[in-house]
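Counting starts at 1 for both ligands and their atoms, following the listed order.
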Amino acid sequence: MKIEETHLKGCFVITPKVFEDERGYFFESFNQHVFETDTGINVNFVQDNQSMSAKKVLRGLHFQTGEYAQAKLVQVIKGKVLDVCVDIRKKSPTFGQHFSIILDDKNRKQLYIPRGFAHGFVVLENNTIFSYKCDYFYNNKNEAGIIFNDKTLNIDWGISENELIISEKDKLLPTFENLFNLI
Ligand SMILES: Cc1cn([C@H]2C[C@H](O)[C@@H](COP(=O)(O)OP(=O)(O)O[C@H]3O[C@H](C)C(=O)[C@H](O)[C@H]3O)O2)c(=O)[nH]c1=O
């Protein structure tokens with residue numbers, strides 16, 4: 001398992017060692033000891049989530065506020081996504097910056113996203129199954145988000161806006177500037 005920190009402090013790309021043979025494949029999709037040793041982060045995941053999406057679906061950008069903030073370890077079980085996380089830690093030198101990565105069932109890569117980040121992904125193959133661990137529980141009263149096409153964040157999702165499939169809820173998310181009263 002290789003664990004590499006991104007330019008956003010506390011955000012890591014994890015590349016598991018995949019063992020393939022005539023039966024198929026095996027890999028450790030999470031190992032607490034390796035994770036803590038390589039990242040220095042003492043994580044305790046309490047909830048696993050899974051979603052399946054059609055191609056061109058965009059879910060996000062989402063986060064939970066306050067004490068319900070969640071760190072996530074995200075991966076693709078089947079299919080392919082462009083995964084994006086945004087540093088929304090106001091005191092961070094990379095506040096407002098994002099990291100993007102292709103996660104799919106070929107590279108088997110995972111992304112560890114610490115608390116204080118917004119997260120989203122756009123689906124690049126039909127019927128993609130997305131699975132992730134969270135270190136705190138869901139609380140709909142603490143759900144928040146940023147509109148996907150925010151001009152300040154300037155994220156390139158790789159698919160034109162009019163083709164994207166986005167929930168009505170996500171279409172109404174605020175801008176980064178309004179959310180953080182930057183104007
Ligand atoms: C997140 C969540 C949702 N739900 C319920 C609430 C809704 O009735 C239904 C669908 O929720 P939503 O449309 O918010 O699902 P996504 O758009 O996939 O949201 C997720 O997508 C982005 C990319 C994330 O990183 C977040 O973890 C999460 O917000 O599941 C639950 O019961 N528990 C949960 O933990």
Side-chain angles (χ1 to χ4, degrees), residues 6 8 10-14 29-30 35 41 43-89 92 94-105 107-150 153-159 161 163-176 178-180:
T6 68
L8 304 177
C11 180
F12 294 86
V13 176
I14 297 160
S29 50
F30 177 67
F35 182 85
I41 297 170
V43 72
N44 176 40
F45 292 118
V46 296
Q47 180 176 318
D48 282 4
N49 292 340
Q50 187 175 123
S51 63
M52 191 277 284
S53 308
K55 187 174 179 180
K56 299 183 181 177
V57 162
L58 191 152
R59 295 176 185 255
L61 296 153
H62 299 157
F63 62 97
Q64 290 195 166
T65 59
E67 63 178 302
Y68 283 91
Q70 296 168 308
K72 296 167 189 168
L73 179 63
V74 304
Q75 63 181 319
V76 165
I77 303 293
K78 172 182 166 294
K80 185 174 186 178
V81 307
L82 176 69
D83 200 83
V84 178
C85 61
V86 181
D87 187 349
I88 56 174
R89 301 168 298 192
S92 167
T94 54
F95 177 61
Q97 293 186 33
H98 66 273
F99 174 77
S100 309
I101 184 172
I102 294 285
L103 304 176
D104 65 19
D105 58 18
N107 67 25
R108 296 284 171 210
K109 286 185 185 292
Q110 302 168 333
L111 187 62
Y112 175 77
I113 305 162
R115 295 181 180 183
F117 278 67
H119 173 242
F121 61 88
V122 66
V123 178
L124 303 175
E125 283 180 10
N126 219 5
N127 301 328
T128 286
I129 298 173
F130 192 82
S131 174
Y132 54 108
K133 307 176 91 62
C134 305
D135 79 339
Y136 208 62
F137 300 105
Y138 170 68
N139 183 335
N140 66 348
K141 295 179 181 57
N142 287 66
E143 279 193 293
I146 306 166
I147 190 73
F148 74 99
N149 60 358
D150 185 86
L153 301 182
N154 193 30
I155 296 168
D156 179 3
W157 294 100
I159 297 179
E161 273 189 38
E163 292 185 85
L164 291 170
I165 302 166
I166 299 173
S167 69
E168 290 312 309
K169 182 178 81 169
D170 285 355
K171 287 176 183 172
L172 300 174
L173 290 172
T175 63
F176 180 73
N178 285 340
L179 192 66
F180 293 101

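Distances below 4.0 Å separate heavy atoms of E143 from the following atoms of ligand 1: 14 (O). Distances below 4.0 Å separate heavy atoms of H119 from the following atoms of ligand 1: 23 (C), 24 (C), 25 (O). Each of the following atoms of ligand 1 lies closer than 4.0 Å to a heavy atom of Q47: 34 (C), 35 (O). Near Y132, the atoms of ligand 1 lying under 4.0 angstrom from a non-hydrogen atom of the residue are 20 (C), 26 (C), 27 (O), 28 (C).
Residues I155 and V86 have side chains in contact (heavy-atom distance under 4.5 Å, counting atoms from C-beta outward).
Side-chain N or O atoms of N107 include one that pairs as donor or acceptor with a backbone N or O of D104 at under 3.5 Å. Side-chain N or O atoms of S167 include one that pairs as donor or acceptor with a backbone N or O of D170 at under 3.5 Å.
In this structure, atom 24 (C) of ligand 1 has a protein heavy-atom contact shorter than 4.0 Å. For atom 20 (C) of ligand 1, the nearest protein heavy atom lies under 4.0 Å away. When distances from atom 8 (O) of ligand 1 to the protein are checked, no heavy atom turns up under 4.0 Å.
Residue K169 places a heavy atom under 4.0 Å from ligand 1. In this structure, Q64 falls outside the shell of residues with a heavy atom less than 4.0 angstrom from ligand 1.
Here the heavy atom of the protein found nearest to atom 29 (O) of ligand 1 is H62 ND1, 2.7 Å. At the top of the distance list for atom 6 (C) of ligand 1, counting protein heavy atoms only, stands Y138 OH, 3.4 Å. Remark: minimum distance from atom 15 (O) of ligand 1 to any protein heavy atom is reached at R59 NH1, 3.8 Å.
Checked against a 3.5 angstrom limit, the closest N/O atoms of S51 and ligand 1 fall outside it.
Evaluation of the salt bridge (charged side-chain N to carboxylate O under 4.0 Å, His left out) test over residues 127-147, restricted to residues two or more places apart or in two chains, returns D48-K133, R115-D135, E143-K169.
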Identify every side-chain donor-acceptor pair in residues 71-80 under 3.5 Å, counting partners at least two apart or on other chains, and give the distances.
{"from": "Q75", "atom 1": "OE1", "to": "Q110", "atom 2": "NE2", "distance (Å)": "3.2"}
{"from": "K78", "atom 1": "NZ", "to": "N127", "atom 2": "O", "distance (Å)": "3.0"}

E125 and K55: CA distance, side-chain angles, deciding distance, salt bridge (Lys or Arg N to Asp or Glu O under 4.0 Å) verdict: CA-CA 5 Å; E125 283 180 10; K55 187 174 179 180; over 6 Å; no

Apply ring-ring contact (aromatic ring centres under 6.0 Å, His included) to F148 and H98, showing your working. CA-CA 12 Å; F148 74 99; H98 66 273; over 10 Å; no

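With a heavy-atom cut-off of 4.0 Å, N49 touches ligand 1 through its side chain alone.
Screening I88, T175, L173 for a side-chain contact (heavy atoms from CB on, under 4.5 Å) with I146, the sole residue that qualifies is I88.
Using a 30° and 60° split on the angle between ring planes, F45 and F30 fall in the perpendicular class, above 60°.
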